[in-house]
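Every number for a ligand or one of its atoms is a count from 1 in the order of the listing.
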Amino acid sequence: MRAIAYSVTGGADVLRLVDRPVPDVGDNEVRVRIIASGVNPTDWKARTGVTPGEVLDAPRVPNQDGAGVIDAVGPGVTGLEVGDRVWVWDAAWQRTEGTAQELVTLPARQVVPLPPSASFDTGASLGIPALTAHLALTSHEATPMQLAKGSLAGRTVLVAGGAGAVGHAAIQLAVWAGASVVATVSSPEKAEYASRAGAHQVVNYRTHHVASELRAYAPEGVDIIVEVNPSANLATDLEVVATNGSIAIFASTTFGAEDPEILNVPVRVGMSKNMRLQFILTYMATPDRKDAAVRGVSAALADGALPVGSEHGLPLHRFPLEEMAAAHRASEKGVVGKVLVDVATPEQ
Ligand SMILES: NC(=O)c1ccc[n+]([C@@H]2O[C@H](COP(=O)([O-])OP(=O)(O)OC[C@H]3O[C@@H](n4cnc5c(N)ncnc54)[C@H](OP(=O)(O)O)[C@@H]3O)[C@@H](O)[C@H]2O)c1
């Protein structure tokens with residue numbers, strides 16, 4: 001079968017199209033014929049490595065996210081059958097086998113049914129962005145651990161970088177859950193995408209004062225903040241966050257050796273609001289929270305609340321499998337929208 005793999009960390013040119021044997025299916029495992037593989041920043045960051053040029057002990061197939069059709073089911077698997085349409089999450093986390101290949105074998109827990117109404121494109125866009133967004137929206141004990149339709153009614157959510165993949169998913173999930181959603185963006189084009197995703201209010205932080213806009217929109221403060229750029233935004237977040245509110249930080253806007261610090265948090269301000277400052281790495285979420293996120297995202301998906309595509313605020317940028325390097329470069333350059341790789345056609 002065809003696969004993309006790399007044996008040494010570094011730039012996108014380390015990615016090679018290779019021929020690999022079809023993987024076996026073990027106990028409690030499922031083999032998925034991948035139709036679409038999703039590319040996220042984590043994929044090219046892993047490929048680059050902490051030290052570019054490091055020779056790996058075994059070749060790695062990149063990409064955490066994907067969607068396809070179940071091809072084989074191992075002993076002990078229940079609730080999943082050959083032929084089921086599915087999406088997968090964290091495929092390459094601490095494993096050599098990501099979704100950039102025609103067939104991938106995964107623990108059954110990481111293979112989730114895709115409802116008939118959801119496209120493979122949608123399925124391949126979910127894993128990293130939507131699960132991270134769910135974790136960010138549910139980090140405080142004052143919020144439900146699992147989102148449901150209407151479960152955030154009466155809350156205000158602020159999504160920083162609302163045209164990013166995580167930001168897009170956060171807007172969609174929060175709107176579905178009944179929150180009032182404000183997004184910040186850096187351009188009119190991104191403002192349009194955040195609106196299409198469903199944000200009720202969009203603030204261009206380059207042309208408007210975010211705290212003033214938020215005070216007018218939500219005088220009692222913002223209950224949940226989904227934060228992509230804490231270095232730039234934390235002071236504003238602390239100003240606008242409500243009592244029992246949360247600021248969930250899911251990104252460092254630098255990559256490599258530099259680790260930005262944001263520790264100038266006024267203790268009494270945070271304490272008096274019983275405020276949660278939560279750092280999130282989707283891979284490290286406890287299994288109960290991750291499973292709750294998968295269930296919450298699945299419920300939103302079943303309700304048709306997570307569509308992708310330009311008309312829904314997330315333009316798609318497609319590449320064939322053999323152009324994985326170009327797909328990684330597009331994500332690395334920060335293309336607006338979702339990078340998808342076509343691995344096979346649904347009929348194959
Ligand atoms: N912790 C986790 O588990 C987790 C999960 C997923 C992603 N991430 C990380 O989160 C970040 C965003 O991921 P994504 O998939 O949403 O990416 P994306 O689709 O490329 O979106 C990134 C968005 O972040 C905003 N941004 C703010 N400051 C930025 C900066 N200095 N450089 C680049 N973008 C900046 C931009 O919005 P504006 O131009 O409107 O500001 C942009 O639209 C990445 O660093 C990724 O590695 C972490």
Restricting to salt bridge (Lys or Arg N to Asp or Glu O under 4.0 Å), what partner residues turn up for [X], sequence neighbours left out?
{"X": "E97", "result": "R20"}
{"X": "D84", "result": "none"}
{"X": "D57", "result": "R60"}

*Take V18 and I4 through the test side chain to side chain contact (heavy atoms under 4.5 Å, CB included) and record every step on the way to the result.*
CA-CA 6 Å; V18 295; I4 298 291; over 6 Å; no
*Counting only heavy atoms not in D24, do more than 12 sit closer than 6.0 Å to its CG atom?*
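Not more than 12 within 6.0 Å, no.
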_Qualifying residue, where the test is side chain to side chain donor-acceptor pair (under 3.5 Å) with T282 and the options are H134, K290, Q64_ =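 Option passing the side chain to side chain donor-acceptor pair (under 3.5 Å) with T282: K290.
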*Using a strict cut-off of under 4.0 Å between a residue heavy atom and any atom of ligand 1, list the qualifying protein residues by chain and number.*
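P41, K45, I128, T132, G161, G164, A165, V166, V185, S186, K190, Y205, V228, N229, F250, A251, T253, I280, L281, T282.
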